[in-house]
Amino acid sequence: RTVTGVQTCALPISKDLTGWESEPGWKVEDGAITCDRNGAYLHTTRGDFGDFHLRAEAKFSNAANGGIYFRAASPVPSGNHYEAQIAGPVNGDRQKTGTLYNFVSVTENLVPPDTWFRYEIVARGNHIELWVNDKKTADYTDTRPGRPEKGFIALQSHTTPVAYRNIQIQEGAAAAPPAEIGRAHV
């Protein structure tokens, strides 16, 4: 699924987390980024991600809460940002995996705990789409003044454990939208 003129690159997952700004607790185990500390964030060293299509695999425990922040200000999570929520079924948050936090809520559990799933984020201008295992879970147009247009990509470990791997990003307005690849809508 490549688009002519758009480069796909992997966000680095190296043992020393090169390319990421790390708080204590983050590490790489078996090719996945994990954290053994609650309330921790790991963000890219680049803070200029605007229009993009991000693909990642994630896994969470029954009570975990995490997410992928995007267009985030520094220090993360200050300021205006978006979050693709990751939440286990018993963690107490009503906004479950697939939610665009505080904008579009998913209240059902789409993914069982301890299972790797594919999460996709498409951000183009003021339009945001989230996809969980090929199902569209959020389709949001942000008309707020001062909405975030560029920023960091950040991984969140609100309550552990949450793990992330195979993180790829296609940058630019021409990044392939999942809707054009023939996927289902939830």
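In this chain, numbering begins with 1 at the start of the sequence shown.
A 4.5 Å side-chain heavy-atom check between L110 and F117 finds every atom pair outside the cut-off. Contact of the N133 side chain with the V111 side chain is registered, since non-hydrogen atoms from C-beta on lie closer than 4.5 Å. Looking only at side-chain heavy atoms (C-beta outward), F152 and E21 stay at 4.5 Å or farther from each other. Side-chain atoms of W20 and L155, non-hydrogen and from C-beta on, do get closer than 4.5 Å to each other. Between K96 and E108, every side-chain heavy-atom pair lies at or beyond the 4.5 Å cut-off. Looking at heavy atoms from C-beta onward, Q95 lies out of side-chain contact with L100 at the 4.5 angstrom threshold. Annotation: side chain of T34 is not in contact with side chain of V162 (no heavy-atom distance under 4.5 Å). In this structure, I128 and V104 have side chains that are not in contact, with every pair of non-hydrogen atoms separated by 4.5 Å or more.
Looking at N126, its side chain never comes within 3.5 Å of a backbone N or O of T141 through a donor-acceptor pair. For the pair S157 (side chain) and R37 (backbone), a donor-acceptor distance under 3.5 Å is present. In this structure a side-chain-to-backbone donor-acceptor pair under 3.5 Å is missing from D93 to A87. Side chain of Y119 to backbone of L130: no donor-acceptor contact under 3.5 angstrom is found. The backbone N or O of I153 sits less than 3.5 Å from a side-chain atom of T44, completing a donor-acceptor pair. With hydrogens and angles disregarded, no donor-acceptor distance shorter than 3.5 Å links the side chain of K150 to the backbone of R71. Counting only distance, with no hydrogens or angles, the side chain of E171 and the backbone of F49 share no donor-acceptor pair below 3.5 Å.
Applying the side chain to side chain contact (heavy atoms under 4.5 Å, CB included) criterion to T159, with sequence neighbours excluded, gives N38, N65. Scanning for side-chain hydrogen bond (donor to acceptor under 3.5 Å, both in side chains) contacts around Q156 gives Y41, Y69, with sequence neighbours left out. Not counting sequence neighbours, S74 has no partner by the side-chain hydrogen bond (donor to acceptor under 3.5 Å, both in side chains) test. Partners of D48 under the salt bridge (charged side-chain N to carboxylate O under 4.0 Å, His left out) rule, at least two apart in sequence or in another chain, are R46. Residues forming a side chain to side chain contact (heavy atoms under 4.5 Å, CB included) with S22 (at least two apart in sequence, or on another chain): L17, W26, L42. D114 pairs by the salt bridge (charged side-chain N to carboxylate O under 4.0 Å, His left out) definition with nothing, not counting sequence neighbours. Annotation: salt bridge (charged side-chain N to carboxylate O under 4.0 Å, His left out) contacts of R94 (sequence neighbours excluded): none. Shown here are the side-chain hydrogen bond (donor to acceptor under 3.5 Å, both in side chains) partners of N166, two or more places apart in sequence or in another chain: E57. Under the rule for a side-chain hydrogen bond (donor to acceptor under 3.5 Å, both in side chains), the partners of K27 that lie at least two apart in sequence or sit in another chain are D36. P112 meets the side chain to side chain contact (heavy atoms under 4.5 Å, CB included) test with T115; sequence neighbours excluded. Residues meeting the salt bridge (charged side-chain N to carboxylate O under 4.0 Å, His left out) test with R147, sequence neighbours left out: E149.
Residues V76 and I86 do not share a hydrophobic cluster, defined by chaining ILVMFWY side chains whose heavy atoms lie under 4.5 Å apart.
To the nearest 0.5 Å, atom CH2 of residue W131 and atom CZ of residue R118 are 11.0 Å apart. Taking CZ of F52 as the start and CD of Q170 as the end, the distance is 12.0 Å to the nearest 0.5 Å. Atom CD1 of I33 sits about 12.5 Å away from atom CZ of R165, to the nearest 0.5 Å. Atom CH2 of W116 is separated from atom CZ of F60 by 11.5 Å, given to the nearest 0.5 angstrom. Considering NE2 of H53 and CD1 of I121, their distance stands at 9.0 Å, rounded to 0.5 Å.
Listed by first and then second residue, the ring-ring contact (aromatic ring centres under 6.0 Å, His included) pairs involving residues 83-108 are Y82-F103, F103-Y140 (not counting sequence neighbours).
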Exercise for review: Run the numbers on H158 and N91 for side chain to side chain contact (heavy atoms under 4.5 Å, CB included), then give the verdict.
Suggested key: CA-CA 10 Å; H158 187 70; N91 79 349; over 6 Å; no
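Of all heavy-atom pairs between G98 and A138, the closest is O-CB, 4.2 Å. Between P113 and N62 the shortest heavy-atom distance is CG-OD1, 3.3 Å. Considering every non-hydrogen atom in both A163 and A32, the closest pair reads CB-CB, 4.5 Å. Between I167 and A56, the shortest heavy-atom contact is CG1-CB, 3.9 Å.
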